[in-house]
Each structure stands twice: as structure tokens, then as C-alpha cells.
Undergrad: 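Here it is, the structure in full.
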Amino acid sequence: MLDVAAEGSIRVRIDGGDWQVTDMAVVPPYTPHEVLSEARLINVIKVEAETVDLAVAPELLRQRGAVAADGFVAHTRKLSEELRSSRCENLMSVDFDRLLFEQTLAPRRIDPRIREVVETIKRNPAAPALAEDCAQDVSLSFSRVLHLFKEEVEIPFRSFRSWKRARGLLCRVNEKSSLTDVALDSGYPDSTHFSHSIRQVYGLKPKDIFAGSRRLAVYANGDSAAFSRDRFGAADHACAARPMTGAAAPNGNPTRLG
């Protein structure tokens with residue numbers, strides 16, 4: 001994840017370390033961090049770690065913490081304004097790799113059986129995908145699929161499923177359903193588990209996320225959410241290996257992202 005100040009600077013703290021002041025920070029995959037912004041907006045480029053080979057990615061993506069990259073910051077700010085002013089809804093026609101990095105990001109090569117498990121979770125993160133069932137689908141033992149999943153994706157099966165399930169919440173925040181209904185429909189056993197899991201990922205209570213996203217619009221490609229924009233100008237690209245810009249945290253309150 002690349003956090004780029006829309007204007008001024010941002011403060012970032014990664015995994016409980018010291019606060020850093022910068023205009024851009026790089027956060028490794030699945031790493032807890034907090035962000036504070038001087039401005040109301042903050043640009044975020046999210047790269048799905050399970051789909052991109054970070055070992056051969058642009059050097060920028062292989063750094064950690066505050067990064068000095070004036071040219072990239074200026075480019076990101078310009079692109080963010082262009083996307084916002086154009087109100088582009090067909091984002092599937094936009095090549096974000098080339099727009100942002102001037103190259104296509106190399107896909108990550110993982111065991112095809114684990115790739116199948118990953119895609120099963122991503123297609124429907126709300127489904128009760130059990131490791132036992134996934135193991136049976138790809139003809140592996142339960143213990144083997146857990147070991148191979150962590151080895152290939154670099155995150156435990158359960159953590160990956162929890163992350164994708166929490167990400168799916170963004171597609172539901174402007175519905176009129178109760179939080180309990182959203183929790184159950186999203187695959188959580190009860191509202192307590194739902195609240196705890198969402199706070200682990202976003203650092204915010206579900207009710208606060210819903211309250212702050214009344215103007216959220218979601219543009220979808222098929223069954224997957226492709227784009228969203230809320231009152232902070234947030235945008236999230238849920239399609240694999242297609243990073244884009246957006247906002248991560250309201251001004252004045254540090255938001256913890258897992």
C-alpha cells in the first residue's frame with residue numbers, strides 16, 4: 001500500500017514503530033499501520049499482494065515507511081485529480097499499472113492449486129470457505145493446504161479470508177440494512193464477531209464506517225466491486241493487480257489499517 005498526501009504531508013506509523021512525517025509512505029502487505037493527514041484527502045494505491053510479484057516490482061513498491069519520491073507524488077496527485085474530474089465509471093478500461101508505474105506489474109506465480117483456493121475466496125469472501133473444503137477441492141490434505149497456502153501467499157489461510165471478507169464490507173456501506181443483517185450476509189456468525197473483525201482491519205467500528213460513507217458509490221464489474229468513492233474521495237480497486245488512487249483516513253483521526 002502506498003499512501004500519498006493529496007496536499008501537504010502525512011504522518012504514518014507502521015506496526016507500532018515511530019511516527020514518520022512524509023508526503024509518501026510504503027506499507028508492506030498485511031502490516032498494521034496508522035495514518036494522519038494534514039488535508040481532508042489522502043491518496044492510496046493498493047496493490048493486491050497475492051497477485052503481484054513484488055520481487056520484480058518497481059523499486060518504489062519494495063521500500064518501507066517514508067519514501068522520498070517527489071516525481072511520483074506529483075504524478076499521483078495529478079492522476080487523482082484527473083480521475084475525479086472525469087468521473088470515469090468504466091474503470092476496467094483503465095490500465096492503472098501503466099498510468100501509475102509506466103509499466104505492467106508482473107503477475108505473481110504461485111502453485112495453481114493455491115491459486116484456485118485464493119480465487120475461490122475472492123469470488124465470494126462472504127461464503128463459509130473452510131480450509132477442509134478447499135483442501136478437498138484441490139485434492140490436498142488439510143494440513144498440506146494450510147502449509148502450502150502460507151508458504152505461497154505469505155499469510156495464513158484464515159487471515160487472508162478475514163481480510164477479503166472485511167474488504168467486502170465496502171460494497172454494503174450504503175445499504176439500508178441493519179448492521180446485524182450486513183454482518184450475517186457478509187458471512188460473520190454474529191454482530192460481535194463482525195464488529196471485532198472490522199475493527200481489526202480498519203481500526204474503526206462498523207457503525208462509524210457506515211456513518212462516514214453516506215455518499216459512497218460503488219461501481220461493479222460483474223460480481224466484484226471495482227470502484228468506490230466516498231465523502232473523503234476514497235477509491236478502492238478490488239480487481240487483482242490493478243492499483244489505483246483513493247483516500248484512507250479522515251482528517252484528524254489516526255486510522256489503523258491491518
Side-chain angles (χ1 to χ4, degrees), residues 1-14 19-31 33-49 51-54 56-107 167 170 202 215-219 225-252 254-257:
M1 183 177 292
L2 283 70
D3 293 319
V4 181
E7 57 183 88
S9 63
I10 60 173
R11 294 176 62 205
V12 61
R13 179 164 66 178
I14 299 176
W19 283 99
Q20 296 176 291
V21 179
T22 181
D23 55 12
M24 191 184 86
V26 179
V27 182
Y30 312 114
T31 303
H33 61 286
E34 298 169 85
V35 180
L36 277 169
S37 174
E38 285 184 351
R40 193 181 183 193
L41 300 180
I42 179 172
N43 294 305
V44 174
I45 301 164
K46 296 180 180 178
V47 181
E48 302 289 1
T51 66
V52 173
D53 188 351
L54 292 177
V56 297
E59 183 181 356
L60 192 67
L61 290 174
R62 290 181 272 123
Q63 300 189 48
R64 177 189 176 102
V67 175
D70 294 343
F72 187 82
V73 170
H75 175 62
T76 300
R77 290 172 174 174
K78 180 181 178 182
L79 180 59
S80 178
E81 287 298 326
E82 291 175 350
L83 289 173
R84 193 155 42 238
S85 61
S86 68
R87 298 183 179 277
C88 176
E89 297 186 10
N90 182 22
L91 294 183
M92 297 302 98
S93 65
V94 178
D95 189 338
F96 285 97
D97 289 9
R98 293 194 175 276
L99 279 177
L100 285 164
F101 303 108
E102 299 181 343
Q103 66 182 82
T104 298
L105 299 182
R167 282 280 301 276
L170 295 177
Y202 293 101
R215 294 173 56 190
L216 181 74
V218 177
Y219 302 94
F227 177 67
S228 61
R229 186 188 302 277
D230 68 11
R231 67 188 180 96
F232 303 118
D236 184 83
H237 198 287
C239 297
R242 296 292 186 185
M244 64 173 296
T245 57
N251 183 32
T255 295
R256 177 186 177 278
L257 302 173

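Just the heavy atoms: all of them, side chains too, but no hydrogens, waters or symmetry mates, feed the values below.
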Undergrad: Tell me, please, which residues at least two apart from Val26 pass side chain to side chain contact (heavy atoms under 4.5 Å, CB included).
TA: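 Partners of Val26 under the side chain to side chain contact (heavy atoms under 4.5 Å, CB included) test: Leu2, Met24, Val67.
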Undergrad: Looking at Glu7 and Ala39, what are the two nearest heavy atoms and their distance?
TA: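 Shortest heavy-atom separation between Glu7 and Ala39 comes out as CG-CB, 3.3 Å.
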Undergrad: Out of curiosity, Phe72 CZ to Ile45 CD1, how far, rounded to the nearest 0.5 Å?
TA: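 It comes to 3.5 Å.
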Undergrad: Report, as yes or no, whether the 6.0 Å neighbourhood of atom CD on Glu59 holds more than 12 heavy atoms from other residues, nucleotides or ligands.
TA: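 Counting other residues, nucleotides and ligands, CD of Glu59 stays at 12 neighbours or fewer.
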Undergrad: Without swapping roles, check the side chain of Thr31 against the backbone of Pro29 for a donor-acceptor pair under 3.5 Å.
TA: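 Present.
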Undergrad: Mind listing the closest non-hydrogen atom pair of Val21 and Ser9 along with its distance?
TA: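 Minimum heavy-atom separation between Val21 and Ser9: CG1-OG, 3.9 Å.
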Undergrad: In Å, rounded to the nearest 0.5 Å, how long is the span from CD of Glu81 to CZ of Arg77?
TA: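 If we round to the nearest 0.5 Å, Glu81:CD and Arg77:CZ are 10.5 Å apart.
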Undergrad: How many angstroms lie between CE in Met1 and CD in Glu48, if you round to the nearest 0.5 Å?
TA: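 The CE atom of Met1 sits 9.0 Å away from the CD atom of Glu48.
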Undergrad: With sequence neighbours left out, write down each residue that passes side chain to side chain contact (heavy atoms under 4.5 Å, CB included) with Ala6, or none if nothing qualifies.
TA: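 With neighbours one apart ignored, the set is Leu41, Asn43.
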Undergrad: Donor-acceptor pair, distance only, cut-off 3.5 Å: does the side chain of His33 make one with the backbone of Gly65?
TA: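 Side chain of His33 to backbone of Gly65: no pair is present.
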Undergrad: What's the spacing between His75 NE2 and Asp70 CG if we round to 0.5 Å?
TA: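 The CG atom of Asp70 is 14.5 Å from NE2 of His75, to the nearest 0.5 Å.
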Undergrad: Is it the case that the side chain of Asp97 and the backbone of Leu105 share a donor-acceptor pair, with hydrogens and angles ignored and the cut-off at 3.5 Å?
TA: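 The answer is yes, because a donor-acceptor pair under 3.5 Å joins these two groups.
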Undergrad: So does Thr76 get a backbone contact from the side chain of Ser80, meaning a donor-acceptor N/O pair under 3.5 Å?
TA: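 The answer is no, because no donor-acceptor pair under 3.5 Å joins these two groups.
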Undergrad: Measure across Asp23 and Gly8 and return the closest heavy-atom pair with its distance rounded to 0.1 Å.
TA: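 Taking every non-hydrogen atom into account, CB-O, 4.1 Å.
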Undergrad: Quick check: does any side chain N or O of Arg11 sit under 3.5 Å from a backbone N or O of Glu38, one acting as donor and the other as acceptor?
TA: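 No; zero donor-acceptor contacts below 3.5 Å.
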